[in-house]
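Single-structure report; data block below.
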Number of protein chains: 2
Amino acid sequence: MGNLLIVGTMAFDAIETPFGKTGRILGGAGTFIGLAASQFNVKSAIVSVVGDDFPQSYMDILLNKNIDLSGVEVVKGGKTFFWEGKYHNDLNSRDTLATELNTLADFNPVVPADFTNAEIVMLGNLHPNIQLSVINQMETRPKLIILDTMNFWMDHTWDELMNVISKIDVLTINDEEARQMTNEYSLVKAAAKIQKMGPRYVVIKKGEHGALLFHRENIFFAPALPLEEVFDPTGAGDTFAGGFAGYLAEAGYVSFESMKNAIIHGSNLASFCVERFGTERMVDLQKDEVEARLEQFKELTQFNIELT
Amino acid sequence: MGNLLIVGTMAFDAIETPFGKTGRILGGAGTFIGLAASQFNVKSAIVSVVGDDFPQSYMDILLNKNIDLSGVEVVKGGKTFFWEGKYHNDLNSRDTLATELNTLADFNPVVPADFTNAEIVMLGNLHPNIQLSVINQMETRPKLIILDTMNFWMDHTWDELMNVISKIDVLTINDEEARQMTNEYSLVKAAAKIQKMGPRYVVIKKGEHGALLFHRENIFFAPALPLEEVFDPTGAGDTFAGGFAGYLAEAGYVSFESMKNAIIHGSNLASFCVERFGTERMVDLQKDEVEARLEQFKELTQFNIELT
């Protein structure tokens, strides 16, 4: 069993999709990553910050998945990070209606002592200096540091982002952001440029169009499972990252072949995430459902052409 | 060796992409389908119409691939169908600058006697009544009738389109058109609705995002090969269809499994088509290049997760 250190937000989300509207529900990158990783035989911890308005019942959801929350700071009198968004009809784009950083504004991550030797570190989308601070707290160099980021940090903290990116192994990023980061439209060229910035592996997330893994000359592609209905895409990217990191932590070795499987497991879990609002589907997700859908992924992608 | 009957335009194209501009070059759906299908061990014929301005050298390109052109009518004093288009910088969208139907306006297809028993019929994008006329000329019901169409025929000849679609086995269509045809955003739902219109198989082409094959509850997906540069997308969809039809004609049997391979072969050939202007890359394409890239498709998509 490998150790997986997760750093990411724990949040309240309020979500509107064409199918309905929620009140404040459990959200945040750290939450989704943790829930996805809990599908694997790993010992994981989340480092995050919340206010004392964050209900114990939400903590319990994660604790019940055997996720270590000793690295979650609860700020007395503070309020938890809040995000409100409304998806457009195609569910591929959304408007952010509110972002209240609250306690996240002064987040100073502290890695629990048990996890300063974690083999895999998954840095969710946060200020690059927060991500860097976590790397600097590691006693031994992890086998794999995975970092997720977004355009906001490219626009506002480019130098800090480049600094932390130079120290990691895997960058996960969406297609538009990969293009913005490199000024290359071709994702093949963009991934090559990003590898020169530091990470040996680049995962480009294309939402409903799947995900690409790049490493030197090697490329692997995993489609998103075609679904009758995407109900709420919130957390799909983080669920993908959590499945990716969780699988690698359980596998205990890193190679292009193991990463292929990791990408498939990530895509598989993300296909569940989008079926209900927020974390709803992930909380009760059963192993047999996960296995059955992996079989669907095989049927979706595996073929048999003999080459001479 | 199976017989493949191809019906589609033979044309002059004038193309502008961010990489350059052509004069009038060889184009047309029938041309691209024929060139792609010629990679397989099949006896194929193109039914089409051109003016006497269509040069013998263009005919020779197809004749050298052992494509039967006895069904290509040459209209004396007539001019060949002409299309001019300019691609935007991302190469995913284009403006049509000119469309001159010329001899295509009165196209009255005549299937050569040798091909009225063809096992596979590939009906390229044309007026649905022209497509229907070809079906009606077949002496025996082909094993498989594949039909390609586009939004123009939905907008202007809906009833005729629905009539011909009710008589075919495979519809190939792009994602936006599948949505328009069914009023369903979900491609899973759209494909289910299209199957109720007639075709047992639906292939939804997503351009750089690959292609989906639907048949009852079964779904298969083939990505487009990630390329450093897409030079000119003209003909990629027809090349895909030609590879799909050509493989099935050679294989001689139709099943979901053989269609999976057909989709991969189609995607593989389309990945070459876009590397040069027009038909340039397809004309000289060698078997060993095709095989090497099929190996790339395997590496791109095949993984090894053992399920219990």
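First the proteins, then the strands, lettered A, B, ... as listed; each starts at 1.
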Salt bridge (Lys or Arg N to Asp or Glu O under 4.0 Å) pairs, two or more places apart, involving residues 229-246 of chain A: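 Applying salt bridge (Lys or Arg N to Asp or Glu O under 4.0 Å) to every pair that reaches into residues 229-246 of chain A, excluding sequence neighbours, yields A:Glu229-B:Lys189.
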Are A:Phe221 and B:Phe297 close enough that their ring centres sit under 6.0 Å apart?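 A:Phe221 vs B:Phe297: aromatic centres not under 6.0 Å.
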Inter-chain contacts: residues 250-277 of chain B against chain A, heavy atoms under 4.5 Å: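 So the qualifying residues are B:Lys260, B:Asn261, B:Ile264, B:His265.
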Could you tell me which residues in residues 169-179 of chain B have at least one non-hydrogen atom under 4.5 Å from a non-hydrogen atom of chain A, sorted by residue number?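 Result: B:Arg179.
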Contact part of A:Lys206 toward chain B, heavy-atom cut-off under 4.5 Å: side chain, backbone, both or neither?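 Only the side chain of A:Lys206 comes within 4.5 Å of chain B.
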Side chain / backbone / both / neither for A:Phe303 at chain B, heavy atoms under 4.5 Å: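 Its backbone and side chain both get close to chain B.
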Closest contact, heavy atoms only, B:Val188 versus A:Glu228: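 Reported closest heavy-atom pair: CG1-CG, 3.7 Å.
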Which atoms form the tightest heavy-atom contact between B:Lys298 and A:Ile305, and what is the distance?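 Looks like NZ-O, 2.7 Å.
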Do other residues, nucleotides or ligands put more than 12 heavy atoms under 6.0 Å from the [atom1] atom of [X]?
| X | atom1 | result |
| --- | --- | --- |
| A:Lys86 | NZ | no |
| A:Lys196 | NZ | no |
| B:Lys21 | NZ | no |

Under 4.5 Å from any heavy atom of chain A, what part of B:Gln296 do you find: side chain, backbone, both or neither?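 Looking at B:Gln296, nothing touches chain A.
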Identify which part of B:Asp288 has an atom lying under 4.5 Å from any heavy atom of chain A, answering side chain, backbone, both or neither.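 Interface part for B:Asp288: neither.
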Would you call the rings of A:His209 and B:His209 parallel, tilted or perpendicular if under 30° counts as parallel and over 60° as perpendicular?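 The rings of A:His209 and B:His209 lie parallel, inter-plane angle below 30°.
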Mind running side chain to side chain contact (heavy atoms under 4.5 Å, CB included) on A:Tyr185 and B:Val230 for me, showing each step along the way? CA-CA 10 Å; A:Tyr185 182 80; B:Val230 170; over 6 Å; no
Leading residue by heavy atom contact count with chain A [cutoff under 4.5 Å; candidates B:Asn89, B:Leu227, B:Leu225]: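 Result: the option with the highest number of such pairs is B:Leu227.
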Pairs of heavy atoms under 4.5 Å with chain B: top-ranked of A:Asn304, A:Leu91, A:Leu212: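 Ranked by heavy-atom pairs under 4.5 Å with chain B, first place is A:Asn304.
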Residues that B:Phe152 engages under ring pair (Phe, Tyr, Trp, His ring centres under 6.0 Å), provided they are two or more places apart: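 Listed in chain order: B:His156.
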